[in-house]
Amino acid sequence: MNTSKLRYIVAVDHYGSMTAAAEAIHVSQPSLTRTVAELEKELGVVLFERRARGVIATPQGRYIIDRAARILADIERLNMDAKDYRAYRESNLRLCISPPPLVTLMNPALPRLLAAYPKLRADLKSVSTERAISLLRTGDTDLIIGPTRVLEERREFNIIILKPFDVCCFTRRSHPLASSKTVSPQQILDYPLILPERAGSSPEITNRLFGDTEIPADHQLHIIGHFPLVCEVVAATDAVATVGEAYRHNSEFLKRFSILPINAADKLSVCCAHRHDFELSAPAAALVKMLAR
């Protein structure tokens, strides 16, 4: 039994004639008649009573034909839903950035993507690593952009390595360290430090910035995941925070803040993570390609 046979018997019932049904569904009348007979033999039920001017469903046939019609309607609905879902995925991009400083990766890429896909709707969240992983697991986001080490530990995700990310520290322009020609990790730790999260990817960032220098357990540490709020705290206090290397060239940012002259021990390895059972849409694949360059 297959959907073609179900369509045949539904058509025969609808048109009341083998000849009329064959013409309507574009098959030969002998082929249709043979297929109906094969299905009757397979089911062990006579579906139609043959009459001089056509056919009519038997009582047993009526039950089977009506059920076949419901099955075909469900299949059609399923196909339409799948088509709608594919269209939704191609027109919507749900993306999590973790930790928030990595959002600067989107500065050149996202405008280019939206220019290439003018009807695309972008939903970008800047969240903690654990929150991003939770959203990806439940299917509430399509992609995570984050540190490779943290995400590749999750075996259920497919990992695509992107271009390494440079991290730097910034302060208010009048900060005591802002005028220094060189700044050491130990000098930074003389002041409060702002990180986007306590666990997750924050150790990745501090390791790249401070190398072997450890942050004391009693150090004044602020955990703030919202970058605009981080900027306001830095502007009003002596706190030091992290930001993407791209901000070294952001004239509006540099009117309020200074990038400290400390070289990271290494660039941060970042990646794109998506579920193994999730095939990237065309816009998502295009974004990953941009970020990997």
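The hydrophobic clustering, which links ILVMFWY residues whose side-chain heavy atoms are closer than 4.5 Å, places Phe170 and Ile223 apart. In this structure, Val233 is a member of the same hydrophobic cluster as Phe253, with clusters built from ILVMFWY side-chain heavy atoms closer than 4.5 Å. By the criterion of side-chain heavy atoms lying less than 4.5 angstrom apart, applied directly or through intervening Ile, Leu, Val, Met, Phe, Trp or Tyr residues, Leu93 is grouped together with Leu105 in one hydrophobic cluster. No single ILVMFWY cluster, assembled from side-chain heavy atoms under 4.5 Å apart, contains both Val243 and Leu189. With hydrophobic clusters built from ILVMFWY side chains whose heavy atoms lie under 4.5 angstrom apart, Met290 shares a cluster with Leu114.
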Exercise for review: Just do the salt bridge (charged side-chain N to carboxylate O under 4.0 Å, His left out) check on Lys41 and Glu38 with the steps written out, would you?
Suggested key: CA-CA 5 Å; Lys41 183 177 180 180; Glu38 289 173 357; over 6 Å; no
Practice item. Start with the C-alpha gap between Ile75 and Thr3, add the side-chain angles, then the distance that decides, and say whether side chain to side chain contact (heavy atoms under 4.5 Å, CB included) holds. Key: CA-CA 9 Å; Ile75 292 173; Thr3 56; 3.5 Å; yes
Exercise for review: Evaluate the criterion side chain to side chain contact (heavy atoms under 4.5 Å, CB included) for residue pair Thr148 and Val150; output intermediate values, then yes/no.
Suggested key: CA-CA 6 Å; Thr148 302; Val150 176; over 6 Å; no
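Remark: side-chain polar atoms of His219 are paired, donor with acceptor, to backbone N or O of Tyr191 under 3.5 angstrom. The closest donor-acceptor contact from the side chain of Arg50 to the backbone of Phe48 lies under 3.5 Å. Judged by distance alone, with hydrogens and angles left aside, the side-chain atoms of His274 form no donor-acceptor pair with the main-chain N or O of Asn158 at under 3.5 Å. Counting only distance, with no hydrogens or angles, the side chain of Glu90 and the backbone of Ala282 share a donor-acceptor pair below 3.5 Å. Looking only at distances, no side-chain donor or acceptor of Arg172 sits under 3.5 Å from a matching main-chain atom of Glu232. The backbone N or O of Thr182 lies less than 3.5 Å from no partner atom in the side chain of Ser180, so there is not a single donor-acceptor pair.
Here the shortest heavy-atom pairing between Ile188 and Cys169 reads CD1-SG, 3.8 Å. The nearest pair of heavy atoms linking Met106 to Leu291 is CE-CD1, 3.5 Å. The minimum heavy-atom distance linking Arg256 with Ala235 is given by the pair NH2-CB, 3.3 Å. Nearest approach of Phe157 to Arg137, heavy atoms of both residues: CZ-CG, 3.9 Å. Nearest heavy-atom pair, Pro192 versus His222, reported as atom, atom and distance to 0.1 Å: CB-NE2, 3.9 Å. Taking all atoms of both residues into account, the shortest heavy-atom contact from Val234 to Ala239 is CG1-O, 3.9 Å.
Here CG of Leu254 is found 7.5 Å from CZ of Arg173. Values are rounded to the nearest 0.5 Å. Distance check: Asn2 CG to Leu39 CG gives 8.5 Å after rounding to the nearest 0.5 Å. Atoms CD and NZ, on Glu40 and Lys5 in that order, are 12.0 Å from each other to the nearest 0.5 Å. Atom CG of Leu32 and atom CD1 of Ile9 lie 10.5 Å apart (nearest 0.5 Å). Summarising the geometry, atom CG belonging to Leu102 is positioned 7.0 Å from atom CD1 belonging to Ile97; distances are rounded to the nearest 0.5 Å. We find the SG-CD1 distance between Cys271 and Ile160 to be 9.0 Å, quoted to the nearest 0.5 Å.
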Taking only distance into account, with no hydrogens and no angle test, what donor-acceptor pairs under 3.5 Å do side-chain atoms of residues 53-73 form with protein atoms, sequence neighbours excluded?
residue	atom	partner	partner atom	Å
Thr58	OG1	Val46	O	2.5
Thr58	OG1	Leu47	O	3.4
Thr58	OG1	Gly61	N	2.9
Arg62	NH1	Asp13	OD2	3.1
Arg62	NH1	Asp66	OD1	3.0
Arg62	NH2	Asp13	OD1	2.6
Arg62	NH2	Asp13	OD2	3.4
Tyr63	OH	Arg67	NH1	3.3

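If you check the side chains of Gln29 and Thr33, you find a donor sitting under 3.5 Å from an acceptor. A side-chain donor from one of Thr129 and Ser98 sits under 3.5 Å from a side-chain acceptor of the other.
Here the side chains of Arg131 and Ser128 are in contact, with some heavy-atom distance below 4.5 Å. Side chains of Tyr8 and Val27 form a contact here, defined as non-hydrogen atoms less than 4.5 Å apart. Counting heavy atoms from C-beta outward, Pro164 and Val270 have side chains that stay 4.5 Å or more apart. Taking 4.5 Å as the limit, every side-chain heavy atom of Arg149 sits out of range of all side-chain heavy atoms of Ser269. Using a 4.5 Å heavy-atom cutoff, the side chains of Lys119 and Ser91 are not in contact. At least one side-chain heavy atom of Val12 sits less than 4.5 Å from a side-chain heavy atom of Met18. Residues Thr171 and Leu260 have side chains in contact (heavy-atom distance under 4.5 Å, counting atoms from C-beta outward).
Around atom CZ of Arg155, no more than 12 heavy atoms belonging to other residues, nucleotides or ligands sit under 6.0 Å away. In Glu156, the CD atom is crowded: over 12 heavy atoms of neighbouring residues, nucleotides or ligands sit closer than 6.0 Å. Within 6.0 Å of CD on Glu23 lie no more than 12 heavy atoms contributed by other residues, nucleotides or ligands. More than 12 non-hydrogen atoms from other residues, nucleotides or ligands lie less than 6.0 angstrom from CZ of Arg275.
Ring centroids of Tyr247 and Phe227 are separated by less than 6.0 Å, placing the two rings close together. Ring to ring, His175 and Phe257 are not that close: their centroids are 6.0 angstrom or more apart.
Residue Leu110 is tested with Leu120, Val103, Leu95, Leu124 for a side chain to side chain contact (heavy atoms under 4.5 Å, CB included); the sole match is Leu124. Applying side chain to side chain contact (heavy atoms under 4.5 Å, CB included) to Asp140 and the options Thr138, Asp142, Leu136 leaves one that passes, Thr138.
With salt bridges taken as basic N to acidic carboxylate O contacts below 4.0 Å, one links Asp123 and Lys125. Under 4.0 Å is where a charged nitrogen must lie from a carboxylate oxygen, and between Arg154 and Glu152 no such pair does. The existence of a salt bridge linking Glu252 and Lys255 is confirmed by a sub-4.0 Å separation between a basic side-chain nitrogen and an acidic carboxylate oxygen.
Residues satisfying the ring pair (Phe, Tyr, Trp, His ring centres under 6.0 Å) criterion with Tyr88, sequence neighbours excluded, are absent altogether.
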